[in-house]
Every structure is written in structure tokens, then in C-alpha cells.
Chemist: 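Quick one: the structure is below, questions incoming.
Just so it is clear, the values below take in all heavy atoms, side chains as well, and ignore hydrogens, waters and symmetry mates.
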Amino acid sequence: MKKALVFGLVALLAACSTVNKNTLSYKLSKVNGEKYLTAASMGATKDAASKNAIAEINKRLTAAGGNGQLVSDIANHSFIEDTWKDKATKQYYAVAALERKVGKQMIEGEIGNLDGQLDGLSKLFATSDKFGAIKTAVKIQPLIEQRNNLQNLYEVLDYNGQGYQAEKYVYLKNALYDSMSKVKISLKVLGANSNVLHSHIINGVNEMGLSVAINEPADISIDVNSEINEYPSKVVNGLMWCRGTTTVSLKDVATGGIFATFSKSDRQGSARADEAVDRTMNSIGEMAEVEMKVRITNYLAKR
């Protein structure tokens with residue numbers, strides 16, 4: 001029995017924790033696991049159990065490939081393989097199945113279309129201009145993310161957990177990483193609790209695949225300033241508030257031009273003043289991180 005099938009059986013048993021395990025194992029053994037992806041569930045009626053089992057199939061697909069139209073279309077090919085009523089629990093149980101080949105063929109079609117786009121863009125990496133290659137990388141990045149989601153979905157449907165022609169886009173992932181890592185960032189964070197903001201900004205830089213300039217010129221400088229105001233609640237006794245604001249400035253070092261400036265503010269409360277401050281700084285840090293990634297990405301795409 002394959003590892004994927006063993007894992008699936010454990011998940012199915014957990015989903016139907018009240019059923020006789022021998023009965024469920026027997027019902028599942030009647031289904032060809034190499035041919036079908038299966039899921040089981042229960043309900044107060046046969047119809048409810050069937051709907052819940054189909055929903056379990058959809059849940060597994062969604063967890064791998066996201067909540068998109070393709071996942072929905074694949075899940076629509078699910079059907080009920082078996083239903084029964086447990087005499088002890090008086091509950092109805094159902095086993096749903098989805099033919100692996102059908103789902104895989106649908107994914108292969110989507111991957112083919114996506115790989116066609118990626119192949120076209122990959123030719124632009126031949127440019128010797130660093131920022132020209134980065135523009136291409138910015139265009140390719142969301143397509144690579146889609147390709148990864150399709151690959152994850154394919155692996156769920158494949159009996160052996162194998163992906164589909166992964167070697168075709170490994171070089172693109174490497175080219176994407178190499179191009180983005182050539183963008184060097186310098187960072188200066190000032191103000192109260194700057195260490196919290198520093199961590200969030202560095203995390204955003206790392207997620208984008210950019211590099212922090214060390215003993216070398218930077219391409220983009222990030223200046224972050226913060227202010228906080230702590231005060232007790234006038235309504236709730238013992239509650240401490242902290243209001244914080246961070247301002248972020250992004251500058252193209254080569255041109256000297258500031259291409260984005262934005263501020264993020266929030267207020268958080270706690271019985272402990274230090275906890276209120278920490279919550280506030282993390283909140284504005286997360287918002288600044290998200291906004292920074294959008295602003296830098298948009299700038300690199302048109303620089």
C-alpha cells in the first residue's frame with residue numbers, strides 16, 4: 001500500500017471517528033485507490049452524508065490548489081461510491097470518489113497554457129540589463145505561483161504524489177530568484193520599538209527574494225520612522241491603550257528619487273502597557289510590510 005493511500009486512510013478514519021473502523025476500512029478497500037481519490041463523511045440522512053463526503057473531496061483539493069474555478073470544476077466530477085447506515089450510531093455514512101485521471105487531465109491543460117506564457121517570458125531574461133531582467137521577473141512571479149498551486153493540486157491527485165513536468169519550470173524559478181536577489185536594499189529604522197518594525201520589513205524583503213546590501217551599494221533605500229502614544233482608557237478601568245504610527249519612505253538610490261511614501265496607524269489595548277505596545281507595533285508592522293511589497297513590486301515592474 002502506497003504512503004499516500006495510507007495517509008488518506010488515516011484522514012478518512014479521523015473524519016468518521018464514530019463509525020466502526022472495520023466497516024469503513026472494508027468499504028474503502030472496495031474502491032481502487034490507484035484509480036480514485038476518496039473521502040468519507042457522515043450525516044443524519046443519506047443525502048447529508050453524501051453531500052458531506054463530496055465536500056471532503058473539495059476540501060482536500062482546495063487545501064492544495066486554492067479556491068479557484070479549476071478546483072471547483074474538478075470537484076464537480078466527484079460521485080458517491082457507497083452509502084450505509086451504522087446500526088450502532090444510527091448515522092449515515094458515505095464514501096465519495098473522484099477519478100484521478102480526469103482531474104489530472106484537466107490540470108495538465110491548465111499547466112500547458114501557463115507554460116506557454118512562461119516560455120514566452122523566459123526569452124526576455126536574455127537581456128543584459130539588470131532591471132530589464134527584474135521587470136521580466138516581476139511578470140513571471142505570479143505565474144510561477146499559479147504553477148506551484150497547479151503542481152500541488154496535481155500531486156494530490158497523483159497516486160504516487162508526483163508532480164507534472166516540474167523540470168520545465170525549475171530553471172525559471174532559479175532565474176526568477178537570481179534576478180530578484182540582485183536588487184539590493186538598505187534599511188534604516190528609527191523610533192520607539194524599532195526592532196519590531198525592523199523584523200517585519202526584513203521579512204517582507206526576504207519574501208520578495210530581495211537582498212540586503214552588505215558592504216556594497218544599495219538599489220533601494222527604505223527609511224522607517226515610528227511614533228507611539230500610551231494612555232489609560234477613560235472607560236475601562238485597568239485597560240491601557242497604545243496608538244502607533246509608522247511612516248515608510250522608499251527611494252531609488254541611483255536616481256535619488258523617492259518613489260513611495262506611506263503611513264500606517266493602529267491602536268491596540270491590553271491590561272499590560274508593554275503588551276499593548278507590542279500588539280500595536282506588530283499590527284502596523286504587518287500593514288507596512290504588505291504595503292511595502294506592493295509598492296516595490298509596482299516600481300520594479302515599470303522602472
Side-chain angles (χ1 to χ4, degrees), residues 3-4 61 63-66 68 70-71 103-187 199-222 250 252-254 259-260 289-303:
K3 183 184 293 185
L61 298 177
L70 177 62
V71 168
K104 289 165 66 175
Q105 287 177 339
M106 294 173 70
I107 297 170
E108 288 167 11
E110 290 291 323
I111 287 179
N113 294 334
L114 197 56
D115 282 354
Q117 298 178 57
L118 288 170
D119 287 342
L121 287 170
S122 67
K123 298 174 182 177
L124 300 177
F125 271 124
T127 177
S128 59
D129 175 65
K130 178 173 75 171
F131 283 96
I134 289 169
K135 286 181 181 179
T136 301
V138 171
K139 294 177 182 177
I140 281 180
Q141 196 164 33
L143 300 181
I144 289 292
E145 291 176 1
Q146 291 179 44
R147 184 63 158 82
N148 283 334
N149 287 337
L150 291 173
Q151 193 78 325
N152 293 337
L153 185 58
Y154 195 91
E155 290 171 2
V156 168
L157 286 166
D158 186 78
Y159 179 66
N160 295 304
Q162 298 297 311
Y164 181 72
Q165 299 182 351
E167 68 282 353
K168 281 192 171 182
Y169 76 109
V170 168
Y171 79 97
L172 279 178
K173 293 176 71 174
N174 293 334
L176 172 64
Y177 173 80
D178 289 341
S179 296
M180 296 303 288
S181 66
K182 290 176 182 177
V183 180
K184 305 299 179 180
I185 301 293
S186 67
L187 174 62
S199 296
H200 282 289
I201 297 300
I202 288 296
N203 183 67
V205 168
N206 290 336
E207 286 186 354
M208 294 183 70
L210 311 180
S211 302
V212 175
I214 301 176
N215 299 324
E216 60 183 325
D219 297 299
I220 295 175
S221 68
I222 305 175
L250 306 174
D252 186 321
V253 176
F259 62 86
E289 176 186 338
V290 171
E291 182 75 12
M292 176 202 70
K293 291 192 290 186
V294 172
R295 297 296 187 100
I296 291 179
T297 297
N298 290 342
Y299 183 70
L300 291 176
K302 64 182 181 181
R303 188 187 188 281

Chemist: Looking at R303 and A254, what are the two nearest heavy atoms and their distance?
Modeler: NH2-CB, 3.7 Å
Chemist: Report yes if the side chains of I296 and L210 come closer than 4.5 Å at any heavy-atom pair, otherwise no.
Modeler: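 Side-chain contact under 4.5 Å: yes.
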Chemist: Looking at every non-hydrogen atom in both residues, tell me the closest pair between S181 and S211 and how far apart they are.
Modeler: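 In terms of heavy atoms, the two residues are closest at O-OG, 2.7 Å.
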Chemist: Look up atom CD in Q141 and atom CG in L176, then write down how far apart they are to the nearest 0.5 Å.
Modeler: 5.0 Å
Chemist: Check the pair D219 / K130 against side-chain contact (heavy atoms from CB on, under 4.5 Å), numbers first and verdict last.
Modeler: CA-CA 11 Å; D219 297 299; K130 178 173 75 171; 3.0 Å; yes
Chemist: In a check of side chain to side chain contact (heavy atoms under 4.5 Å, CB included) between I222 and each of I185, I202, V212, which one passes?
Modeler: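 When side chain to side chain contact (heavy atoms under 4.5 Å, CB included) is applied between I222 and each of I185, I202, V212, only I185 qualifies.
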Chemist: May I ask you to test the K293-E289 pair for a side-chain heavy-atom distance under 4.5 Å?
Modeler: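 Result yes, sub-4.5 Å side-chain heavy-atom pair found.
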Chemist: When you look at NZ of K139, are more than 12 heavy atoms from neighbouring residues, nucleotides or ligands closer to it than 6.0 Å?
Modeler: no
Chemist: Does K182 have more than 12 heavy atoms from other residues, nucleotides or ligands lying within 6.0 Å of its NZ?
Modeler: no
Chemist: Report yes if the side chains of R147 and K173 come closer than 4.5 Å at any heavy-atom pair, otherwise no.
Modeler: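 R147 vs K173: side chains apart.
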Chemist: Could you tell me the separation between the CD atom of E108 and the CG atom of D115, rounded to the nearest 0.5 Å?
Modeler: 11.5 Å
Chemist: Which class fits the ring pair Y164 and Y154: parallel under 30°, tilted 30 to 60°, perpendicular over 60°?
Modeler: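 Tilted: the ring planes of Y164 and Y154 meet at 30° to 60°.
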Chemist: Ignoring hydrogens and angles, state whether a donor on the side chain of E207 or N203 is under 3.5 Å from an acceptor on the partner side chain.
Modeler: yes
Chemist: Would you compute the distance between atom CE of M292 and atom NE2 of H200 and round it to the nearest 0.5 angstrom?
Modeler: 11.5 Å
Chemist: Would L114 and Q146 count as a side-chain contact (heavy atoms from CB on, under 4.5 Å) here? Give the steps.
Modeler: CA-CA 8 Å; L114 197 56; Q146 291 179 44; 3.8 Å; yes
Chemist: List for me each residue that meets side chain to side chain donor-acceptor pair (under 3.5 Å) alongside E291, sequence neighbours excluded, and say none if there are none.
Modeler: R295
Chemist: For L118 versus L143, what's the shortest heavy-atom pair and its separation?
Modeler: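 Between these two residues, the closest heavy atoms are CD2-CB, 3.6 Å.
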Chemist: CD1/I220 to CG/L187 distance, rounded to the nearest 0.5 angstrom?
Modeler: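 If we round to the nearest 0.5 Å, I220:CD1 and L187:CG are 12.0 Å apart.
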Chemist: Are any non-hydrogen side-chain atoms of K184 and V253 less than 4.5 angstrom apart?
Modeler: no
Chemist: Quick one: NZ on K135 to CG on L121, what's the gap to the nearest 0.5 Å?
Modeler: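 Going from NZ on K135 over to CG on L121, the span is 14.0 Å.
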Chemist: Rounded to the nearest 0.5 Å, what separation is found between the CG atom of L250 and the OG atom of S221?
Modeler: 8.0 Å
